[in-house]
Amino acid sequence: MKVLVVGAGIGGLGAAIALRQRGFAVDVVEIKPQLSVYGVGINQPANSLRALRAMGVLDEIMAVGCQYDHTDFYAADGELIVHVPSVMGGDVPANTALSRLNLHKILIGGAERHDVKISYGTTMERFTDRGHAVDVEFTDGRRESYDLVAAFDGIKSATRRTVFGPEHDAVYSGFGVFRVTLPRPGYVDGVRVYQALGVKAGFIPLSATTMYMFVVTPDPQGVSHRPEEFASVLKERMAPFGALPGEVREALQPADDIVYSPISDVLLPLPWFSGRVGILGDAAHACAPHLTQGAGMALEDGLVLADGLDAGGSLEERLRAFEQRRFPRARLVQDASRGILQAEMSINAGNYDQSVQGMRDHLVEQSHQVEAILNQPA
Ligand SMILES: Cc1cc2nc3c(=O)[nH]c(=O)nc-3n(C[C@H](O)[C@H](O)[C@H](O)COP(=O)(O)OP(=O)(O)OC[C@H]3O[C@@H](n4cnc5c(N)ncnc54)[C@H](O)[C@@H]3O)c2cc1C
């Protein structure tokens, strides 16, 4: 079987490795002219680490990343609300956070070891599903036929639009997130989340010396902060915080490498494959980042697809089985992530005490329920 993977992001690279491991021929096209990933961190929870282990790159991930096993929630002034230990992992760490650049480089290394050819600056110009094969014409003029096209082309997926229509475009949540990599104080040995009214700041350890901060804040749709204003806007949004986020706010500089992303989500209803062309990863099920599960879901997609294609039955049966296996898990992650985002962002002066008590009473149990499911095989 010959598969075209569209997009050399986390999901596309993982899928290419998993497909090659099972002996399939794989081409990858990536629209960007070269590897370019913004310089912030990314957490990989245990289920994602298992997918990375199956792809043969876990040792490299562990060597450059930072392992941790809990999340502490604090009030804006630094008072501890609740300590939430993780129940994920066992055979792998509960979490390993690392820089996105390192994750990409490691996956690209894995793909290269499996002789995957990545064509940068290239995408599908047009494609025709002829029933027994998909004919693809690329932007560089090449024409090829494939047994399957697996599009991991991200939250703004052009393939999703072409195959399923603009009614499935991602929907903006009303919130955006600033991120920046910072020096790490020794006491940041797990995730720290600081909750203020309508704004939250979090910290994740990335290495022995670095951590990254994320600040989630409301913003109107279509807002575009100018990069030179990121530091001043972020300082203003962080005004309610004392403790660690307060110290960070005071030290922020215009030259800091701050990244801003709107938070949107999309869940493509089944089917994800129309004939021999399918939509996977963020293209099918991008979620709010609150469970740090987006990359893991994309990596699991690639692994489960490769396993499924390697199994018996008609192609149609194998693709339907893949979708049926992945959809409930993607929906769980999306619902839970959106639920956390909305709950945190709806905390106001009127419901603050009740919300904090609710976190103390229920957060450990709620978190463990979701983690117990995600700790099961993909
Ligand atoms: C603020 C924020 C924080 C996050 N934090 C985490 C976290 O801590 N942990 C986690 O697991 N996830 C996190 N995520 C989610 C995670 O980044 C995504 O879920 C993950 O990158 C999805 O992988 P993907 O391969 O599906 O898409 P992407 O990584 O977006 O890759 C898509 C690729 O396709 C390429 N492409 C696009 N269009 C085309 C085209 N037409 N032709 C060819 N190529 C194309 C793109 O250039 C890109 O390389 C976060 C997301 C956000 C927004």
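The analysis underlying the following values was restricted to heavy atoms, covering all of them including side chains, and did not include hydrogens, waters or symmetry mates. As the structure lists them, so they are numbered: ligands from 1, and atoms in each ligand from 1.
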Is there a donor-acceptor pair closer than 3.5 Å between any side-chain N or O of [X] and the backbone N or O of [Y]?
X      : Y      : result
Arg20  : His114 : yes
Asn351 : Ser346 : yes
Asp129 : Arg276 : yes
Arg320 : Phe273 : yes
Asp335 : Leu332 : no
Glu344 : Gln195 : no
Arg179 : Phe214 : no

Need the ligand 1 atom indices (1-based, order shown) with element for anything under 4.0 Å from a heavy-atom of [X].
X      : answer
Gly154 : 27 (O), 30 (O), 32 (C)
Gly281 : 26 (O)
Val29  : 43 (C), 44 (N)
Gln44  : 9 (N), 10 (C), 11 (O)
Gly296 : 11 (O)
Phe152 : 32 (C), 33 (C), 34 (O)
Tyr212 : 8 (O)
Ile10  : 21 (O), 25 (O), 29 (O)

task: Check the surroundings of atom CD in Gln354: do more than 12 heavy atoms from other residues, nucleotides or ligands lie under 6.0 Å from it?
output: no
task: Considering only non-hydrogen protein atoms, determine which one is nearest to atom 2 (C) of ligand 1 and report residue, atom name and distance to 0.1 Å.
output: Arg179 NH1, 3.5 Å
task: Could you check atom 25 (O) of ligand 1 against the protein and tell me its nearest heavy-atom contact, residue, atom and distance included?
output: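 Of the protein heavy atoms, Gly11 N, 2.8 Å lies nearest.
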Counting both backbone and side chain atoms, is some N or O of [X] under 3.5 Å from an N or O of ligand 1?
X      : result
Tyr38  : no
Gly41  : no
Thr122 : no
Thr123 : yes
Ile31  : yes
Asp282 : yes
Ala158 : no

message: Among Arg100, Gln293, Arg161, which one puts a heavy atom closest to atom 50 (C) of ligand 1?
response: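 Minimum heavy-atom distance to atom 50 (C) of ligand 1 goes to Arg100.
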task: Sequence neighbours left out, what passes side chain to side chain contact (heavy atoms under 4.5 Å, CB included) with Leu270? Give chain and number order.
output: Trp272, Glu323, Gln324, Phe327
Pairing residues for His362 by the ring-ring contact (aromatic ring centres under 6.0 Å, His included) criterion, not counting sequence neighbours: none
Side chain to side chain contact (heavy atoms under 4.5 Å, CB included) between Arg192 and Tyr187, worked out: CA-CA 10 Å; Arg192 289 178 160 240; Tyr187 61 84; 3.5 Å; yes
message: With a heavy-atom distance limit of 4.0 Å, tell me whether Ile42 approaches ligand 1 through its side chain, its backbone, both, or neither.
response: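 Looking at Ile42 and ligand 1, atoms from backbone and side chain both fall under 4.0 Å.
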message: Please determine whether a side-chain nitrogen of the Lys or Arg among Asp310 and Arg318 lies less than 4.0 Å from a carboxylate oxygen of the Asp or Glu.
response: no
